[in-house]
Amino acid sequence: MKISSRIRNITPSATVAITGRVAALKKEGVNVINFGVGEPDFATPDHVGEAGKAAIDQHKTHYTAVAGILELRQAICKKLREDNGVEYTPEQISVGTGAKQPLFNALLALCEKGDEVILPTPCWVSYIEMIKLTEATPVLVPTKESEGFALDVDAIERALTPNTRVVLINTPNNPTGAVYSQESLRRLAALAVERDFVILSDEIYEKLIYGGAKHFSVASISEEVKKHTVIINGVSKAYAMTGWRLGYAAGDTQLIKGMNALQSHATHAPCSIAQYASLEAICGPQDSVETMRQEFERRRDYLFGRLNAMSGVRCPHADGAFYLMPTISGLFGKKTPDGKVLQNSDDVAGYLLEEARIAVAPGAAFEAPESIRISYANSMEELIRGMDQMEAALGKLG
Ligand code: PMP
Ligand code: GLU
């Protein structure tokens, strides 16, 4: 079968592949700890599940409005006002299947051939492939480990051209865990207004933030900045609802209209049951979010200490999401017990899977070739065991 060049030119999601690989190994009876995982290990809160069941019992199981049910879009507007200090109307909200779909819809509605999308790296694996699918060109602008992977607005300014259509940011960040400062976001926003580009702001990890760090939504700066911003968010990470597949975009009315036109042909609307469950997640009690957040923080602190105590590993501090991204280039050139020389992040991830029985995401997939990404969406027991196994495996390198 001939496959289109559009599809031949993309690579499948490396993060999704890891979870599949670990599941296959577990099925074969191999006990692997999955540090590659990109979803909370907690159960969806019971009251949210009950709302989903009630939607089924009440036969709320038909097509909904393309943009999502009005009550949910109103609830999202309230959330954006109260949590983020930004005013939107329900016509400015498009609810989709996970955050992935509104994100992709926004890129398709904004970008075309000849456009450039600036992307700070390291970045989440799906951004580059989504940008390529719109036929726009991804322009990668590295952030530095020595600066805690902070947003480098000077570097972004240098990368701007008349073709820059979008700057795609993600804070708290996957894979680095960095939380962008209010000051850097204000500088980026001023550039967006002055040079007329759109800030696509992926805030999916907003609730998972630690220490004194605070999430700041760039759209809240002013009405003018809001006009230049599209917010992406969803329920997957905050409410442990990855399987429900529900996310949303908030932005300019005409843009949202265009995204809805696209969605009306692609999927019609997100799952009705997931929409009612998400309404409860957003409007109902929020204590489970705080319980999860506190547990993630405890695990982050533990992991941070363990990783930095390992020779050849250097782990920068991170204030958000549930990932740490240690630099492991100190292991390059070392020999495994069977004589193989570790040369890159894939080799290190491969060795850790073989020898330590832990799955980690190789940094190359995130444009971070000297790093690996470790997810702490695992129980404390597994973290302890995994770190013990990693330390022992690194101790065997020559
Ligand atoms: N953005 C980032 C940065 C993510 O890590 C993820 C996780 N898959 C998503 C968007 C997509 O989230 P969802 O599962 O809701 O599609
Ligand atoms: N976002 C998560 C990750 O980075 C989940 C998998 C995916 O959708 O990429 O691992």
Side-chain angles (χ1 to χ4, degrees), residues 10-23 34-41 44 48 68 72 76 94-107 119-131 143 149 151 168-180 200-209 215 230-250 263 266-267 270-271 274-275 277-278 281-282 296 318 320-325 349 359-368 371-378:
I10 57 168
T11 30
S13 166
T15 46
V16 173
I18 293 166
T19 299
R21 205 160 148 214
V22 170
N34 190 0
F35 287 130
V37 67
E39 59 181 338
D41 54 312
T44 301
V48 174
L72 178 57
I76 291 167
S94 180
V95 184
T97 305
K100 275 184 180 172
Q101 192 185 21
L103 178 65
F104 190 34
N105 287 350
L107 283 166
L119 190 53
T121 60
C123 62
W124 177 45
V125 293
S126 292
Y127 292 148
I128 295 179
E129 306 309 315
M130 285 187 190
I131 295 164
T143 59
F149 299 108
L151 192 63
L168 172 44
I169 58 168
N170 172 218
T171 180
N173 189 270
N174 175 9
T176 66
V179 175
Y180 294 162
L200 190 48
S201 179
D202 182 344
E203 304 178 15
I204 189 96
Y205 293 98
E206 165 194 18
K207 302 275 184 194
L208 304 178
I209 199 156
H215 174 74
V230 182
I231 295 178
I232 301 292
N233 207 330
V235 296
S236 296
K237 314 287 173 170
Y239 303 99
M241 290 180 72
T242 46
W244 296 81
R245 310 304 305 128
L246 194 125
Y248 55 88
Q263 181 154 293
T267 56
C271 165
Q275 291 188 57
S278 301
I282 293 171
F296 277 134
F322 40 67
Y323 309 107
L324 288 177
M325 205 181 61
V360 301
F366 307 92
E367 302 296 320
S371 305
I372 53 174
R373 188 192 76 173
I374 301 197
S375 158
Y376 46 93
N378 278 287

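We number each residue from 1, following the sequence as shown. Counting starts at 1 for both ligands and their atoms, in listed order.
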- Message: Has Gln275 got a side-chain atom pairing as donor or acceptor with Pro270's backbone, closer than 3.5 angstrom?
- Response: yes

- Item | Lys100 neighbourhood, listing ligand 2 atoms whose heavy-atom distance to it stays under 4.0 Å | 7 (C), 8 (O)

- Item | Donor-acceptor side-chain pairing of Glu39 and Thr242 below 3.5 angstrom | yes

- Message: At under 4.0 Å between heavy atoms, is it the side chain or the backbone of Phe366 that contacts ligand 2, or both, or neither?
- Response: neither

- Straight-line distance of Phe366 CZ to Ile128 CD1, nearest 0.5 Å: 11.0 Å

- Give the residue and atom name of whichever protein heavy atom lies nearest to atom 7 (C) of ligand 1, and the separation in Å to one decimal. Lys237 NZ, 2.7 Å

- Item | Where ligand 1 meets Asn170 - atom numbers and elements under 4.0 angstrom, heavy-atom basis | 3 (C)

- Query: Which residue supplies the protein heavy atom nearest to atom 12 (O) of ligand 1, what is that atom called, and how far is it?
  - Reply: Ala99 CB, 3.7 Å

- Item | Sidechain-backbone polar pair: Thr171 side chain, Tyr180 backbone, donor-acceptor under 3.5 Å | yes

- For Arg245, the ligand 1 atoms with a heavy-atom partner under 4.0 Å come out as 13 (P), 14 (O), 15 (O), 16 (O)

- Query: Can a non-hydrogen atom of Thr242 be found less than 4.0 Å from any atom of ligand 1?
  - Reply: no

- Task: List the closest protein heavy-atom neighbour of atom 10 (O) of ligand 2: residue, atom name, distance to the nearest 0.1 Å.
- Result: Arg373 NH2, 2.8 Å

- Note on the structure: Taking every heavy atom of Ala377 against every heavy atom of Pro40, the minimum-distance pair comes out as CB-CA, 4.1 Å

- Can you list the ligand 1 atoms lying under 4.0 Å from a non-hydrogen atom of Ser236? 13 (P), 14 (O), 15 (O)

- Heavy-atom nearest neighbour in the protein, as seen from atom 5 (C) of ligand 2, with distance rounded to 0.1 Å: Gly38 O, 3.5 Å

- Using atom types as modelled and distance alone, determine if a side-chain donor or acceptor of Lys237 lies under 3.5 Å from a backbone N or O of Lys207. no

- At under 4.0 Å between heavy atoms, which part of Thr242 makes contact with ligand 2: side chain, backbone, both or neither? neither

- Query: Which ligand 1 atoms does Asp202 reach within 4.0 Å, using its non-hydrogen atoms?
  - Reply: 1 (N), 2 (C), 3 (C), 10 (C)

- Item | Closest approach of any protein heavy atom to atom 6 (C) of ligand 1, naming residue and atom | Trp124 CZ2, 3.6 Å

- Message: If we ignore hydrogens and angles and just use 3.5 Å, is the side chain of Ser375 paired with the main-chain N or O of Val37 as donor and acceptor?
- Response: yes

- Query: Just which atoms of ligand 1 are under 4.0 Å from any heavy atom in Tyr127?
  - Reply: 3 (C)

- Test of proximity, Lys100 against ligand 1: N or O pairs below 3.5 Å: yes

- Can you list the ligand 1 atoms lying under 4.0 Å from a non-hydrogen atom of Gly98? 15 (O), 16 (O)

- Per-atom filter on ligand 2: closer than 4.0 angstrom to a heavy atom of Asn174 are 1 (N), 3 (C), 4 (O)

- Considering only the protein, which heavy-atom contact is closest to atom 7 (C) of ligand 2, and what is its distance? Thr15 OG1, 3.4 Å

- Query: Is the distance between the ring centroids of Tyr205 and Tyr323 under 6.0 Å?
  - Reply: yes

- State which residue, out of Leu208, Ile374, Asn378, fulfils the side-chain contact (heavy atoms from CB on, under 4.5 Å) condition with Phe322. Leu208

- Task: Say whether, by atom type as modelled, one donor and one acceptor occur between the side chain of Arg373 and the main chain of Gly36 under 3.5 angstrom.
- Result: yes

- Are any side-chain N or O atoms of Ser201 and backbone N or O atoms of Val230, one a donor and one an acceptor, separated by less than 3.5 Å? no

